Amino acid sequence: MNVIDLLLKLLSFESITPDDAGSLAFIEEYLDGFEASYVNKEGVKNLFLTKKFGEGEHLCFAGHVDVVPAGDGWETNPFVPVIKEGNIYARGTQDMKSGVAAFVQACREVDNFEGRLSILLTSDEEGDAKYGTAIMLEHLKSINLLPDYCVVAEPTCETTFGDAIKIGRRGSINGYLTVNGRQGHAAYPEKAINPVHQIAPLLEKIAGVNLDSGDDDFAPSQMVITDMRGGMEVTNVTPSSLRIMFNVRNSTKTTQEEVKIHISKVFAGLDYNLELTQGSYPFVTKKESKIVKKLCSTIESVMGKRTSLSTAGGTSDARFMGAFDIDVVEFGVINDTIHAPNERTSIEEVEKLHNIFTQLIKNFNS
């Protein structure tokens, strides 16, 4: 079985979050030379496969086998992969069974490595991820088996294969802000406290405002208003309160506390309540890290191009690696149809990704 055969097999598993649909057992059997262990909870399966070749460093490949629901608009069955004009169509081709196939096949073909190789897979990355990669890492920490370096094979390339890897991700702070007033008749505004009128001159101080100036790794942390509502949907009653929801994709330069301080300054003197939650925390791997330098040089060797180092985009399980102080990078195929109908990736990209992972393993300690 080659990497394309393996990918076609993985795509045939209808592994909608958090169901792995048997795909993890298949991968375990496919890598029968690796020691397997599971940490499962609340319907989520997490598989760790490892093989010690020597006394060197521990390199891990990580990813997820779960996919989002297919949705409507498909021209073919989303769980029966179809090859057309050099592309493979199925749910999960880009996100991220192509990456899983590439590193599983690369690890299967290894006959020598100066250290430990491992694979960490979860069935719950597209969902809440509460019982996914994070609890497996807790387990590995408890048995002193955390990796030194990790590659997460998320689709990272932007326009051409090999043009970008991710060395970090922004965090995500969610804000729920309620401005309290006093309901009244629209004909007698002086007898009411209208929260909409109160915040109107303040919007420019929160909507689209940068909370920091960014740095070499991250764009500025911007406050983005996502929802605003209040009132009774009538024209003659002013609202008693106004609820605003916002999101801050934060860099390492902005924390929840700094968001709270900014809101307190803007809304000083008003009656308001603020709740903040943190969906994920920012992390960045140093550009001088061995895994960054080795992956960049491997991509340049195989593709003949320099790759850019990015921290853009949403969240991924790499954030959990960062929280455990594991040097982590992300690299995979082009990201342009993930979660969309007729998701697809090219055979050429998958073969090149497999080649890059193979060469990375081969030359990691050279």
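Since the model is a prediction, treat every value here as computed from it, not as a measurement.
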Let me confirm one number: the [atom1]-[atom2] distance from [X] to [Y], rounded to the nearest 0.5 Å.
| X | Y | atom1 | atom2 | answer |
| --- | --- | --- | --- | --- |
| His262 | Met223 | NE2 | CE | 5.0 Å |
| Thr156 | Asn335 | OG1 | CG | 8.5 Å |
| Ile361 | Ile356 | CD1 | CD1 | 12.5 Å |
| Arg344 | Ile88 | CZ | CD1 | 11.5 Å |
| Leu137 | Ser142 | CG | OG | 11.0 Å |
| Ile173 | Leu276 | CD1 | CG | 7.0 Å |

Determine, step by step, whether Thr238 and Tyr188 satisfy the side chain to side chain contact (heavy atoms under 4.5 Å, CB included) criterion, reporting the C-alpha distance in whole Å, the side-chain angles of both residues, the deciding distance to 0.1 Å, and the verdict.
CA-CA 10 Å; Thr238 61; Tyr188 303 97; over 6 Å; no

Applying side chain to side chain contact (heavy atoms under 4.5 Å, CB included), run through Glu42 and Lys130 and close with a yes or a no.
CA-CA 9 Å; Glu42 299 294 330; Lys130 185 176 181 180; over 6 Å; no

What residue pairs, at least two apart or across chains, pass side-chain hydrogen bond (donor to acceptor under 3.5 Å, both in side chains) with a residue in residues 207-226?
Asn210-Gln222, Asp212-Ser221, Asp212-Ser251, Asp212-Thr254, Ser213-Lys253, Ser221-Ser251

Note, Glu126 side chain near His339 side chain (heavy atom, < 4.5 Å)
yes

State, with a plain yes or no, whether a side-chain heavy atom of Leu295 is found less than 4.5 Å away from one of Phe331.
yes

Please assess Asp19 against Asp66 for the test side chain to side chain contact (heavy atoms under 4.5 Å, CB included), listing each intermediate value before the final yes or no.
CA-CA 7 Å; Asp19 184 10; Asp66 61 310; over 6 Å; no

How would you list all residue pairs meeting salt bridge (charged side-chain N to carboxylate O under 4.0 Å, His left out) that involve residues 20-34, not counting sequence neighbours?
Asp20-Lys45

How would you list all residue pairs meeting salt bridge (charged side-chain N to carboxylate O under 4.0 Å, His left out) that involve residues 69-87, not counting sequence neighbours?
none

Determine, for [Y] and [X], whether the Lys NZ or Arg CZ falls below 6.0 Å from the six-membered ring centre while staying within 45 degrees of the axis.
| X | Y | result |
| --- | --- | --- |
| Lys352 | Phe161 | no |
| Lys290 | Phe364 | yes |
| Arg108 | Tyr30 | yes |

Is the backbone of [Y] close enough, under 3.5 Å, to the side chain of [X] for a donor and an acceptor to pair up by distance?
| X | Y | result |
| --- | --- | --- |
| Arg91 | Ala340 | yes |
| Thr307 | Ala164 | yes |
| Asn46 | Tyr131 | yes |
| Ser308 | Asp163 | yes |
| Glu349 | Asn87 | no |

Do Phe324 and Leu140 pass the side chain to side chain contact (heavy atoms under 4.5 Å, CB included) test, and can you show the C-alpha distance, the side-chain angles, and the key distance before you say yes or no?
CA-CA 11 Å; Phe324 280 83; Leu140 295 178; over 6 Å; no

Under a 3.5 Å cutoff, is there a donor and acceptor pairing between the side chains of [X] and [Y]?
| X | Y | result |
| --- | --- | --- |
| Lys97 | Ser15 | yes |
| Glu258 | Thr255 | yes |
| Ser241 | Asn180 | no |

Report the residue from Val266, Ile199, Ile263 that forms a side chain to side chain contact (heavy atoms under 4.5 Å, CB included) with Lys205.
Val266

Check step by step if side-chain hydrogen bond (donor to acceptor under 3.5 Å, both in side chains) holds for Gln94 and Asp336.
CA-CA 8 Å; Gln94 287 189 345; Asp336 62 358; 2.7 Å; yes

Could you give me the CA-CA distance, side-chain angles and deciding distance for Ser316 and Lys166, then say whether side-chain hydrogen bond (donor to acceptor under 3.5 Å, both in side chains) is met?
CA-CA 11 Å; Ser316 77; Lys166 293 190 186 297; over 6 Å; no

Between the side chains of Glu330 and Arg169, is the shortest nitrogen-to-carboxylate-oxygen separation below 4.0 Å, so that they form an ion pair?
yes

Cluster link Phe48 to Val151, ILVMFWY, side chain under 4.5 Å
no

Are Ile291 and Phe320 connected, step by step, through hydrophobic side chains (Ile, Leu, Val, Met, Phe, Trp, Tyr) whose heavy atoms are closer than 4.5 Å?
no

